[in-house]
Amino acid sequence: VIYTSEQYAKRYSGGDVRAELARRAISQASLGEALGLIQASLSLRLNGKVAFSIDELARAAGLFGVSLETLVAGVAAAEFVRGTTLTPQQ
């Protein structure tokens with residue numbers, strides 16, 4: 001199955017971003033600044049109420065020092081380990 005970058009972005013949750021922030025000791029304020037988001041908008045994304053756009057994830061990947069592909073690959077790997085089936089989202 002081939003996914004579009006937008007499909008991967010929809011699968012990538014705020015919890016995944018929060019985990020990366022913690023692993024790399026990067027503040028939410030730094031992420032918000034890198035994404036050009038005010039605190040309230042970032043909070044909506046980190047709490048899963050609004051999905052990150054692919055552009056936002058690409059900028060976050062740059063802040064984390066990894067490629068976008070590496071950043072979203074963690075989602076696919078986690079789903080594989082949990083035994084869930086990766087299916088394209090419509």
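The analysis underlying the following values was restricted to heavy atoms, covering all of them including side chains, and did not include hydrogens, waters or symmetry mates. All residue numbers in this chain count up from 1 along the given sequence.
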Got a list of side-chain donor-acceptor pairs under 3.5 Å for residues 37-44, not counting sequence neighbours?
unit_1 : atom_1 : unit_2 : atom_2 : d
S43    : OG     : N47    : ND2    : 3.1

Pairs under 3.5 angstrom only: tabulate donor-acceptor contacts from the side chains of residues 19-28 to other protein residues two or more places apart or in another chain.
unit_1 : atom_1 : unit_2 : atom_2 : d
E20    : OE1    : R24    : NE     : 2.8
E20    : OE1    : R24    : NH2    : 3.1
E20    : OE2    : R23    : NE     : 3.4
E20    : OE2    : R23    : NH2    : 2.7
R24    : NH1    : F64    : O      : 3.1
S27    : OG     : S30    : N      : 3.0
S27    : OG     : S30    : OG     : 2.9

Under the salt bridge (Lys or Arg N to Asp or Glu O under 4.0 Å) definition, can you give me all pairs with a residue in residues 29-50, not counting sequence neighbours? R45-E56
To check you understand the geometry: which heavy-atom pair defines the closest contact between A58 and L68, and what is its length? N-CD1, 3.9 Å
Let me confirm one number: the CG-CG distance from L35 to L63, rounded to the nearest 0.5 Å. 7.5 Å
